[in-house]
Colleague: 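Sharing a structure below in structure tokens format, with a few things to ask.
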There are 2 protein chains.
Amino acid sequence: MELDARKKKILQAVIKNYLETGEPVGSRTISKYTDLELSAATIRNEMADLEEMGYIFQPHTSAGRIPTDAGYRLYVDDMLQTRAEQMNSRQEEPLRHAENTAGPDRMEERFERIETVLKDVVKMLAVNTNYTSVVSMPQANRNRLKFLQLTLLDSKKLLCTIVLEGNIVKNEMISIKDEIDQQTLLKLNLLMNSTLNGLTLKEINFDMAARMAEQADKHGELVSDILSHIVATIGSADGIEIFTSGAKNIFRYPELADSMRAGEIISTLEEKELLTELMTEDHGDDSDKTTGIQVYIGKETPVNSMKDCSVITATYEFEKGVYGKVGIIGPKRMDYEKVVAALSNVTDSLDKKFNKDK
Amino acid sequence: MELDARKKKILQAVIKNYLETGEPVGSRTISKYTDLELSAATIRNEMADLEEMGYIFQPHTSAGRIPTDAGYRLYVDDMLQTRAEQMNSRQEEPLRHAENTAGPDRMEERFERIETVLKDVVKMLAVNTNYTSVVSMPQANRNRLKFLQLTLLDSKKLLCTIVLEGNIVKNEMISIKDEIDQQTLLKLNLLMNSTLNGLTLKEINFDMAARMAEQADKHGELVSDILSHIVATIGSADGIEIFTSGAKNIFRYPELADSMRAGEIISTLEEKELLTELMTEDHGDDSDKTTGIQVYIGKETPVNSMKDCSVITATYEFEKGVYGKVGIIGPKRMDYEKVVAALSNVTDSLDKKFNKDK
DNA sequence: AGTTAGCACTCCGACTAAATGAGTGCTAAC
DNA sequence: GTTAGCACTCATTTAGTCGGAGTGCTAACT
């Protein structure tokens, strides 16, 4: 069977209607709703076909139709494509695009800590969309070390301050066995900085560690100790920081609101580790390369507890090469168009904001 | 009317039973449950009295009784008192107390970052009690400044690393207008450290700021700028870090599980700022001075969204004078005894752990 | 061919009525 | 002061009924 233009139009109508009402949509409704003037009976035939093709289904005999994941997928792909086309044609007249980015006024107030900015953004998103939203701090992973500083706190504790290229700062407390004096500390600082500066985490390897340990002479052990602390601190998945907002919004959507499902989702939001996979690597190849927007429908999501949700993520750039993600979690019948637009605006604003600060 | 021993016993029986079942308890049940051999009819009379006194109530005519907040209060106060007495008598034989502290094995593995420890603890609590649990990082508020360091990141940004007495480290990024060279930076570091070291946040005042600005000569503006950044960073409620676990546990208790209530609670847990009040100052005067355990029943809690819950908090000591709090949030019919015991154990373990590390 | 109207059928959801049962308050007797 | 007995209340459960929305199918229409 073939998916001709008319079937596609009907499918779209079913989905749009279902997005609005959240209830199975029947043939009569469609027959009025669409501009193609067809009777309910004809629609029924077409809908039977669409069901056979796996785009829609009935929750029970003699009920209206509901889109399947495949149906949503088709719809979303279509939407993204026409969106991309629109963007392209608009690139020539950037004015439109500019006036489209709402809300930067809220974020420009003054120089703020990035956490504050992101917390504001995520809250704003949740409030505006009525879905749950998440944001990750810029990822340090593939980032270069800019500067590191060892400071003696007391006779047994060393404070190691690590600054990465994107001006991301981390602290690590290191316990030391043997006492150490200011002089050698100064030397160590010099040594480590000169060796490590500008390096990616992945460029720091055993070889280098060995060479440094050698140069540090009797403090070799301490150096490698420090080094492994550094690597661990930055590299650990633990390092990812995620903020969420609007968790309670899932209660707006009955299909997610039963305590089992909601509990699972909320646990995931609470234990942010489980979101790591979602908020770091690019999953799937269906991401929109130009905007960094990804749409996961139902089982497509990498997060187990969200098999009944749809998740949309977008990428923002904090500094050159340093990225973070913003995401929206909602029911499968979420307003994909609105959410994609909102995320796109937000990442645009963030990109601008962070670039302006430089 | 007077609350004689028998009435008290009946009240206790009602509450105990209700804690277990979660359902209104009737006179027949009590008549069997208690050791005082009384018929249901007698119990009924007594219960009518108890209702008049405001300790219990009926959700509707011809239903069993449910404890009121006042009823719980009485019960809890009693429990805490007998508990305190037991503790006192046990102090002479500390072995008992020692074997009572379960779970330190889980936390002793190795030197861990305090965040990790606290996250483990809060998770463990949630799993063991089946309630929602929260923990706050040690509070910096009334803490002394141990050390502070200014580092030039680039021509426009200054990194300010702040270490407080309890080895709590904070970073603050400060934008500067005029460029500054390493020499003056060194001087500033020296000046600020020598002036501020060992001071409480509250001891840093305008007077001092003025004096320092004066000494800093032409960089006076920068100094006061930095100073206000420091004060703001540390002092801001923003600075409190809170971890939660087991949010989904509220769904175990139908009286909290409806989406309105649950949504409110979950929002509060998500926006940790709202928990600040709960996790910082001592509220109410009914706290158990010896253990730092506080019990908030229903409307007593300082957090608005938890008017239908009970909240129990306990204080642990990170370092001399640096405190954090652990809390359990559950339904009013929570197992107060078990929770108090669990919290008491946890704070004991934490106290020991942190003191041993030193 | 494709489209439409008509009709029997299915199934859900809302409503009603009756039965059940736990629990109370009250009275009268012990 | 305590208890047994009884009438009464009210939430919960069960079963039964009804209406409506929507379907699939067939037959007629273009």
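The chains referred to below are lettered A, B, ... by the order of the sequence lines, with proteins before strands, and numbering in each begins at 1.
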Colleague: A63(A) near the nucleic acid: base, sugar-phosphate alone, or nothing, with a heavy-atom cut-off under 4.0 Å?
Modeller: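 Result for A63(A) = sugar-phosphate.
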Colleague: Step by step, work out the salt bridge (charged side-chain N to carboxylate O under 4.0 Å, His left out) result for D77(A) and R73(A).
Modeller: CA-CA 6 Å; D77(A) 285 347; R73(A) 173 85 297 177; 3.7 Å; yes
Colleague: From CE of M47(A) over to P of dG22(D), roughly how many Å is that when rounded to an integer?
Modeller: 9 Å
Colleague: Could you let me know what dT30(D) is paired to, Watson-Crick or G-U wobble, both distances under 3.5 Å, or none if it's on its own?
Modeller: none
Colleague: What's the closest nucleotide to the side chain of S39(B) if the choices are dT3(C), dT4(C), dT3(D)?
Modeller: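 From the listed options, dT3(D) comes nearest.
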Colleague: Using a cut-off of strictly less than 4.0 Å, decide whether R65(B) has a side-chain nitrogen or oxygen near OP1 or OP2 of dG23(C).
Modeller: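 False: R65(B) side-chain N/O out of range (4.0 Å or more) of dG23(C) OP1/OP2.
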Colleague: If you assign each of P59(B) and I43(B) to its closest nucleotide in DNA chain D, which residue comes earlier from the 5' end?
Modeller: I43(B)
Colleague: Go through dT4(C), dC11(C), dC26(C) for me and flag the one nearest to the H60(A) side chain.
Modeller: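 Taking heavy atoms from C-beta onward, the closest nucleotide is dC11(C).
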Colleague: Considering Watson-Crick and G-U wobble pairs with both distances under 3.5 Å, what does dA1(C) pair with?
Modeller: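 Its partner: none found.
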Colleague: Given dT2(D), dA5(C), dA4(D), which nucleotide is nearest the side-chain atoms of R6(B)?
Modeller: dT2(D)
Colleague: May I have the distance from K7(A) (atom NZ) to dT3(C) (atom P), rounded to whole angstrom?
Modeller: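 After rounding, the reported distance stands at 9 Å.
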Colleague: Rounded to the Å, how far apart are E23(A) CD and dC12(C) P?
Modeller: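 It is 15 Å, rounded to the nearest whole Å.
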Colleague: When the distance from CG of L50(B) to P of dG23(C) is rounded to whole Å, what number comes out?
Modeller: 17 Å
Colleague: Between C1' on dC25(D) and CG on D49(A), what's the gap in Å once rounded to a whole number?
Modeller: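 About 15 Å, once rounded to whole Å.
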Colleague: Against L269(B), only a single residue in L274(B), T244(B), I242(B) fulfils side-chain contact (heavy atoms from CB on, under 4.5 Å); can you say which?
Modeller: T244(B)
Colleague: What integer distance in Å separates I56(A):CD1 from dG22(D):C1'?
Modeller: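 So the CD1-C1' distance, I56(A) to dG22(D), works out to 13 Å.
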Colleague: State the CG-CZ distance between D308(B) and R261(B), to the nearest 0.5 angstrom.
Modeller: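 One gets 4.5 Å once the value is rounded to the nearest 0.5 Å.
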Colleague: Any donor-acceptor pair under 3.5 Å between the side chain of T42(B) and the base of dT2(D)?
Modeller: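 Under the 3.5 Å cut-off, the side chain and the base do not form any donor-acceptor pair.
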Colleague: Without decimals, in angstroms, what is the distance between I30(B) CD1 and dT24(C) C1'?
Modeller: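 Interatomic distance, CD1 of I30(B) to C1' of dT24(C): 14 Å.
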Colleague: Tell me which nucleotide, if any, is Watson-Crick or G-U wobble paired with dC26(C) when both distances must be under 3.5 Å.
Modeller: dG5(D)
Colleague: What is the distance from CD1 of I10(B) to P of dT24(C), rounded to the nearest Å?
Modeller: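 Rounded to whole Å, this separation is 12 Å.
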Colleague: May I ask you to verify whether the side chain of S62(A) and the base of dT10(C) hold a donor-acceptor pair under 3.5 Å?
Modeller: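 A donor-acceptor contact between them is present.
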Colleague: Within the structure, does a side-chain N or O atom of T61(B) lie under 4.0 Å from either OP1 or OP2 of dC10(D)?
Modeller: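 So the side-chain polar atoms of T61(B) do come within 4.0 Å of the phosphate oxygens OP1 or OP2 of dC10(D), strictly under.
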Colleague: For I43(B), run the side-chain contact (heavy atoms from CB on, under 4.5 Å) check against T29(B), I30(B), V14(B) and tell me which one passes.
Modeller: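 Of T29(B), I30(B), V14(B), side-chain contact (heavy atoms from CB on, under 4.5 Å) with I43(B) is met by I30(B) alone.
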Colleague: The side chain of R44(A) lies closest to which of these nucleotides: dT4(C), dC26(C), dG24(D)?
Modeller: dG24(D)
Colleague: Among the candidates dC10(D), dT4(C), dG25(C), find the nucleotide nearest to the side-chain atoms of Q58(B).
Modeller: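 When the side chain of Q58(B) is considered, dG25(C) is the closest of dC10(D), dT4(C), dG25(C).
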Colleague: Roughly how far apart are M306(A) CE and I265(A) CD1, rounded to 0.5 Å?
Modeller: 6.0 Å
Colleague: Parallel under 30°, tilted from 30 to 60°, perpendicular over 60°: which one fits the rings of Y336(A) and Y72(A)?
Modeller: tilted
